[in-house]
Amino acid sequence: MTFADGTTAVTGLLVGADGAWSRVRPLLCDAVPEYVGTSVIETYLFDGDARHPAGAKAVGGGSFFALAPGKGIQAHRESGGTLHTYAALSKPQEWFAGIDFTDRAASTAQIAREFDGWAPELTALITDSDTAPVLRTLNTLPIEHRWDRVPGVTLLGDAAHLMIPSGEGANLAMYDGVELGKAIAAHPDDVEAALTEYEQALFPRSAAEAAEAVRLHERMFGDNAPHSLINMFTGHEQCV
């Protein structure tokens with residue numbers, strides 16, 4: 001391994017836990033993440049109850065979803081009354097490339113125009129941002145992504161199974177780490193047996209969660225949004 005500062009290291013076991021754009025993944029396969037057609041713009045409003053009371057009231061005490069086909073405003077509370085918002089838009093990457101996100105006022109105004117007619121306390125979660133908005137493109141690996149066994153190398157977390165955000169990504173990464181550790185402990189003198197055991201369980205587990213993430217994304221931003229998400233919460237998905 002060669003690091004950015006020029007130093008090198010040699011190891012008998014290399015675990016790629018280096019995220020979506022993993023530098024380790026190419027040792028195992030040629031799969032690269034692909035854009036799913038939706039991006040989110042991340043904003044922060046600090047001290048929401050005092051400085052942004054209408055938005056704070058709309059978000060409430062936990063998480064908030066305002067959804068429509070192809071777009072949505074999601075927000076949740078963080079410590080100190082911070083309102084953390086994600087404005088989602090199903091647009092090509094070229095559309096976002098035309099926005100100067102270093103110009104906070106102009107970029108948030110342009111994003112907010114995509115929500116014309118929405119309640120002002122919701123669009124203010126975008127335009128009143130106390131930080132420069134951050135573009136987060138949503139990218140995934142194929143649902144059934146897997147690789148052939150390569151001696152001494154494996155992956156975990158987003159490096160192994162990048163998927164549409166569903167609330168399970170960090171959970172899966174931690175679970176992967178535990179399962180990999182257990183496999184190595186069970187085969188202390190045979191790393192290849194440990195990696196084989198780990199990956200045999202990893203692949204179907206990852207595929208199942210990735211498929212569910214796709215379904216959740218469709219519920220949130222598909223043609224039947226927001227009713228499809230409401231039906232999921234109320235147990236009436238057969239009505240979708």
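FYI, side chains are in, hydrogens and waters are out, and symmetry mates aren't considered; it's all heavy atoms of this structure. Here the structure is a predicted model, which means the values were calculated and not measured.
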* **Main-chain N/O of Glu114 paired to Lys71 side chain as donor or acceptor, under 3.5 Å** => yes
* To do: Look at the side chain of Ser107 and the backbone N and O of Asp103, then say whether any donor-acceptor pair between them is shorter than 3.5 Å.
  => yes
* Asked: Are His217 and Thr38 close enough that some pair of their side-chain heavy atoms sits under 4.5 Å apart?
  -> yes
* To do: Calculate, to the nearest 0.5 Å, the distance between atoms CD and CZ belonging to Gln200 and Arg149 respectively.
  => 10.5 Å
* **Between His76 and Gln74: side-chain donor-acceptor atoms closer than 3.5 Å** => no
* Cluster overlap Phe203 with Leu195, hydrophobic side-chain contacts below 4.5 Å -> yes
* Under a 4.0 Å N-O cut-off, is there an ion pair linking Asp176 with Arg205? -> yes
* Side-chain heavy atoms of Asn139 within contact of Val32, under 4.5 Å -> no
* To do: Starting at OG of Ser90, measure out to CG of Leu138 and round the result to the nearest 0.5 Å.
  => 8.5 Å
* No-hydrogen, no-angle side-chain donor-acceptor test under 3.5 Å, Thr154 and Glu199 -> yes
* To do: Give a yes or no on this: more than 12 heavy atoms of other residues, nucleotides or ligands lie within 6.0 Å of atom CG of Asp116.
  => yes
* To do: Give the intermediate values and the outcome of side chain to side chain contact (heavy atoms under 4.5 Å, CB included) for residues Glu197 and Asp190.
  => CA-CA 11 Å; Glu197 180 180 294; Asp190 191 344; over 6 Å; no
* To do: Determine, using the 4.5 Å side-chain heavy-atom cutoff (strictly less than), whether Ile99 and Val134 are members of one ILVMFWY cluster.
  => no
* Asked: Are Val24 and Leu14 close enough, and set up right, to give a side chain to side chain contact (heavy atoms under 4.5 Å, CB included), and what steps lead you there?
  -> CA-CA 8 Å; Val24 177; Leu14 177 61; 4.0 Å; yes
* **Same apolar cluster (I L V M F W Y, side chains within < 4.5 Å links), Tyr86/Phe65** => no
* ILVMFWY cluster, Leu135 and Leu45 together (side-chain gap under 4.5 Å) -> yes
* Would a distance-only check, ignoring hydrogens and angles, find a side-chain to backbone donor-acceptor pair under 3.5 Å from Thr234 to Ile230? -> yes
* Output yes when a side-chain donor or acceptor of Arg104 lies under 3.5 Å from a complementary backbone atom of Asp130, and no otherwise. => yes
* To do: Can you run down the ring pair (Phe, Tyr, Trp, His ring centres under 6.0 Å) pairs that involve residues 114-142, sequence neighbours left out, and say none if there aren't any?
  => Phe115-Trp118
* Flag side-chain contact, heavy atom, 4.5 Å: Leu156 against Tyr175 -> no
* Asked: How about Phe96 and Lys91: do any of their side-chain heavy atoms sit closer than 4.5 Å?
  -> yes
* Report yes if some heavy atom in the side chain of Ile184 is under 4.5 Å from a heavy atom in the side chain of Leu13; otherwise report no. => yes
* Take atom CD of Glu34 as the centre, draw a 6.0 Å sphere, and report whether it contains more than 12 heavy atoms from other residues, nucleotides or ligands. => no
* Is it true that Leu27 and Val15 fall in one hydrophobic cluster, defined by side-chain heavy atoms closer than 4.5 Å? -> yes
* From Gln93 atom CD to Trp95 atom CH2, the distance as rounded to the nearest 0.5 Å -> 13.0 Å
* Would you say the side chain of Thr140 lies within less than 4.5 Å of the side chain of Tyr35, judging by non-hydrogen atoms? -> no
* Would you check, one step at a time, whether the test side chain to side chain contact (heavy atoms under 4.5 Å, CB included) holds for Leu141 with Met163? => CA-CA 6 Å; Leu141 291 166; Met163 61 188 68; over 6 Å; no
* Asked: Testing Arg146, His161, Glu179 for side chain to side chain contact (heavy atoms under 4.5 Å, CB included) with Leu202, which one passes?
  -> His161
* Salt bridge or not for Asp18 and Arg25, using N-O below 4.0 Å? -> no
* Asked: Are any of the side-chain heavy atoms of Thr43 and Ile111 separated by less than 4.5 Å?
  -> no
* Answer yes or no: is there a donor N or O on one side and an acceptor on the other, between the side chain of His187 and the main chain of Glu192, under 3.5 Å? => no
* To do: Assess whether salt bridge (charged side-chain N to carboxylate O under 4.0 Å, His left out) is satisfied between Glu218 and Arg215, documenting all intermediate values.
  => CA-CA 5 Å; Glu218 178 62 22; Arg215 288 190 288 270; over 6 Å; no
* To do: May I ask you to decide if Pro120's main-chain N or O and Thr123's side chain share a donor-acceptor pair within less than 3.5 Å?
  => yes
* Whether Arg77 side chain and His84 backbone form a donor-acceptor pair below 3.5 Å -> no
* Asked: Can a donor-acceptor pair be found between the side chains of Thr108 and Thr127 at a distance below 3.5 Å?
  -> no
* Given salt bridge (charged side-chain N to carboxylate O under 4.0 Å, His left out), test Asp128 with Arg51 step by step and report yes or no. => CA-CA 10 Å; Asp128 290 358; Arg51 298 179 59 242; over 6 Å; no
* Asked: Within a reach of under 6.0 Å around CG of Asp223, are more than 12 heavy atoms found that belong to other residues, nucleotides or ligands?
  -> no
* **Close side-chain approach of Leu125 and Ile73, heavy atoms under 4.5 Å** => yes
* Verdict with reasoning, Cys29 to His145, per side chain to side chain contact (heavy atoms under 4.5 Å, CB included) -> CA-CA 10 Å; Cys29 63; His145 175 242; 3.4 Å; yes
